[in-house]
Amino acid sequence: MNLENLTPDIDIKRIKITQPDVNRPALQLAGFFDHFDSERVQVIGYVEHAYMQTLAEEKRLEIVSRLLDYKVPCIVFCRNLEVSDKFIKLATEKEVPILRSSKTTSSFMAEVIRWLNVELAPRITIHGVLVDVYGEGILIMGESGIGKSEAALELIKRGHRLVADDVVEIKKVSDETLIGTATEITRHFIELRGIGIVDVKTLFGVESVKNTQAIDLVIKLEEWNKDKEYDRMGLEEQYIEFLGNKVVCHSIPIRPGRNLAIICETAAVNHRQKKMGYNAAQEIYKRVTHKIQKNSQKRVM
């Protein structure tokens, strides 16, 4: 974020940020420290800076010293505001980093909160393949060897993008959004039994891969079971839960000759259609219901 470190003598490697929210210490500069969340990044904007200038130097240093005693992760001055030498000296003694940004306070806070929400998000790793299909994040799951990577490779050949193969790291960035990514070691690689490791980025070009993708739909591949009854209408959505977030899930039975790539494409487009307000299953149900009612009325007449 192009931050300028005004306290280079402080060892910042030992300092950990654990809270995704930030705080503007206006009340604290006025002397009110009740309910002060000292674990947040502290941001000082024009208003806080202007208020500090109204204080006598002795009072200002007293308040600053009290603020620094809470061992906040760091204090960021926005708008390239001037920081006094005494403030920097006091912060260095108390080992609280002082940083400075040229951005406006509001834009800097928005960017920091967005970034921290991603970096500090709860996360898990699962076995599966994540592909971007028509802008929809499709997470393909199933037992090892069932054909997940082969389906992903066919989708890549059809112009879609690989996000992660084999190991997918899922981050919960909000109560509605899950972000999937590959581990650094396996990023852009895909494993094909009988062939080995394939570098998708090198073989198919940079347009065939993507680093992160929101997970919109889960497709579970499973061996065909003639005794199991599969959903043929899709009137009721099935869900799978990751980190407390529910994601729509389709179970797809696998038989020889089924084209998994076109099934995944159709599932992605159909899911997008539902999000836009059109549900094909509900539409045909309405037609059937209307036809039955119409026939019943004819019999009565």
Side-chain angles (χ1 to χ4, degrees), residues 114-115 117-119 121-174 176-222 237 239-240 242-243 245-252 254 258-276 278:
R114 183 203 63 79
W115 186 76
N117 272 322
V118 174
E119 292 300 315
R123 64 194 68 194
I124 57 171
T125 56
I126 65 164
H127 180 62
V129 179
L130 181 57
V131 188
D132 175 3
V133 181
Y134 297 127
E136 299 291 314
I138 307 297
L139 177 60
I140 306 174
M141 301 177 65
E143 294 182 2
S144 182
I146 201 167
K148 300 184 296 296
S149 297
E150 289 80 356
L153 187 62
E154 178 63 25
L155 287 168
I156 293 165
K157 287 283 289 181
R158 297 167 78 100
H160 306 293
R161 293 184 287 181
L162 174 72
V163 181
D165 177 62
D166 194 41
V167 178
V168 182
E169 185 178 87
I170 299 176
K171 299 178 184 178
K172 178 182 178 179
V173 298
S174 73
E176 290 80 30
T177 306
L178 296 170
I179 298 294
T181 186
T183 59
E184 188 175 349
I185 295 175
T186 62
R187 184 169 295 145
H188 304 156
F189 290 100
I190 196 168
E191 177 198 351
L192 297 172
R193 280 176 172 76
I195 296 178
I197 303 299
V198 174
D199 188 338
V200 173
K201 183 179 178 181
T202 302
L203 285 182
F204 300 102
V206 70
E207 72 276 5
S208 65
V209 295
K210 192 175 183 182
N211 287 341
T212 61
Q213 173 65 41
I215 298 173
D216 301 294
L217 180 67
V218 174
I219 293 180
K220 273 189 174 182
L221 304 181
E222 56 184 56
E237 297 281 23
Y239 294 92
I240 187 171
F242 299 112
L243 297 169
N245 285 21
K246 289 184 177 180
V247 184
V248 176
C249 178
H250 296 318
S251 294
I252 307 296
I254 302 301
R258 297 201 77 180
N259 190 329
L260 294 180
I262 199 167
I263 290 174
C264 291
E265 284 183 334
T266 305
V269 175
N270 191 52
H271 182 70
R272 175 183 287 183
Q273 214 173 30
K274 288 179 180 179
K275 290 196 297 186
M276 296 173 68
Y278 179 81

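Position 1 is the first residue of the sequence; numbering continues from there.
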Legend entry - Polar side-chain atom of Arg161 near backbone of Asp132 as donor-acceptor pair, under 3.5 Å: no

Inset, instruction - Would you name the heavy atoms of Ala121 and Asn117 that are closest together and state the gap between them? - result: CB-O, 3.1 Å

Legend entry - Side-chain heavy atoms of Ile124 within contact of Glu169, under 4.5 Å: no

Legend entry - Test side chain to side chain contact (heavy atoms under 4.5 Å, CB included) applied to Ile179 and Ile170, step by step: CA-CA 6 Å; Ile179 298 294; Ile170 299 176; over 6 Å; no

Inset, instruction - Flag the pair Phe189 / Lys201 as yes when at least one side-chain heavy-atom distance between them is below 4.5 Å, and no otherwise. - result: no

Inset, instruction - Could you tell me whether Glu207 atom CD has more than 12 heavy atoms of other residues or ligands within 6.0 Å of it? - result: yes

Inset, instruction - Measure across Cys264 and Leu155 and return the closest heavy-atom pair with its distance rounded to 0.1 Å. - result: CB-CD1, 4.0 Å

Inset, instruction - Would you indicate whether the side-chain heavy atoms of Leu221 and Leu260 approach each other to under 4.5 Å? - result: yes

Legend entry - Side-chain donor or acceptor of Asp165 paired with backbone N/O of Glu191 under 3.5 Å: yes

Inset, instruction - Supply the atom-to-atom distance Glu150 CD to Ile140 CD1, rounded to the nearest 0.5 angstrom. - result: 10.5 Å

Inset, instruction - Without swapping roles, check the side chain of Thr177 against the backbone of Val173 for a donor-acceptor pair under 3.5 Å. - result: no

Legend entry - Heavy-atom pair with the smallest gap, counting every atom of Ile190 and Ser149: CD1-O, 3.6 Å

Inset, instruction - Report the C-alpha distance between His250 and Val218 in whole Å, list the side-chain angles of each, state the deciding distance to 0.1 Å, and finish with yes or no for side chain to side chain contact (heavy atoms under 4.5 Å, CB included). - result: CA-CA 6 Å; His250 296 318; Val218 174; over 6 Å; no

Inset, instruction - May I have the step-by-step check of side chain to side chain contact (heavy atoms under 4.5 Å, CB included) for Tyr239 and Val248, ending in yes or no? - result: CA-CA 4 Å; Tyr239 294 92; Val248 176; 3.7 Å; yes

Inset, instruction - Tell me, with the steps shown, if Leu130 and Ile215 meet side chain to side chain contact (heavy atoms under 4.5 Å, CB included). - result: CA-CA 8 Å; Leu130 181 57; Ile215 298 173; 4.1 Å; yes

Legend entry - Side chain proximity check, Lys274 to Glu237, heavy atoms < 4.5 angstrom: yes

Legend entry - CD1/Ile197: more than 12 non-hydrogen atoms of other groups inside 6.0 Å: yes

Inset, instruction - Indicate the atoms forming the closest heavy-atom contact of Leu217 with Ala267, along with that distance. - result: CD2-O, 3.7 Å

Legend entry - Within 6.0 angstrom of Lys157 NZ, more than 12 heavy atoms from elsewhere: no

Inset, instruction - Return the minimal non-hydrogen interatomic distance between Ala261 and Ala151, and the atom names on each side. - result: CB-O, 4.5 Å

Inset, instruction - Give a yes-or-no answer on whether the side chains of Asn211 and His188 include a donor-acceptor pair shorter than 3.5 Å. - result: yes

Legend entry - Heavy-atom check, side chain of Leu178 versus side chain of Lys171, under 4.5 Å: no

Inset, instruction - Please answer whether the main-chain N or O of Ser174 pairs with a side-chain N or O of Asn245 as donor and acceptor at a distance below 3.5 Å. - result: yes

Legend entry - Backbone of Glu136 reached by a side-chain donor or acceptor of Asp216 within 3.5 Å: no

Legend entry - Euclidean distance, His271 NE2 relative to Thr266 OG1, rounded to 0.5 Å: 14.5 Å

Inset, instruction - Check whether any side-chain heavy atom of Phe242 lies under 4.5 Å from a side-chain heavy atom of Ile126, and answer yes or no. - result: yes

Legend entry - Lys172 side chain to Leu243 backbone, donor-acceptor under 3.5 Å: yes

Inset, instruction - Please check if the side chain of Thr202 supplies one atom and the backbone of Asp199 the other of a donor-acceptor pair under 3.5 Å. - result: no

Legend entry - Counterpart residues, side chain to side chain donor-acceptor pair (under 3.5 Å), relative to Glu143 (two or more places apart): none

Legend entry - Considering all heavy atoms, the nearest Val163-Gly180 contact: CG1-O, 3.7 Å

Legend entry - Modelled atom types, side-chain donor and acceptor of Thr181 and Arg123, under 3.5 Å: no

Legend entry - Nearest-0.5 Å distance that lies between atom CZ in Arg187 and atom OG1 in Thr212: 9.0 Å

Inset, instruction - Answer yes or no: is there a side-chain heavy-atom contact under 4.5 Å between Leu139 and Val168? - result: yes

Inset, instruction - Report the distance from atom CD of Glu265 to atom OH of Tyr134, rounding to the nearest 0.5 Å. - result: 4.0 Å

Inset, instruction - Kindly indicate whether the side chain of Ile262, heavy atoms from C-beta on, has any atom under 4.5 Å from the side chain of Arg158. - result: yes

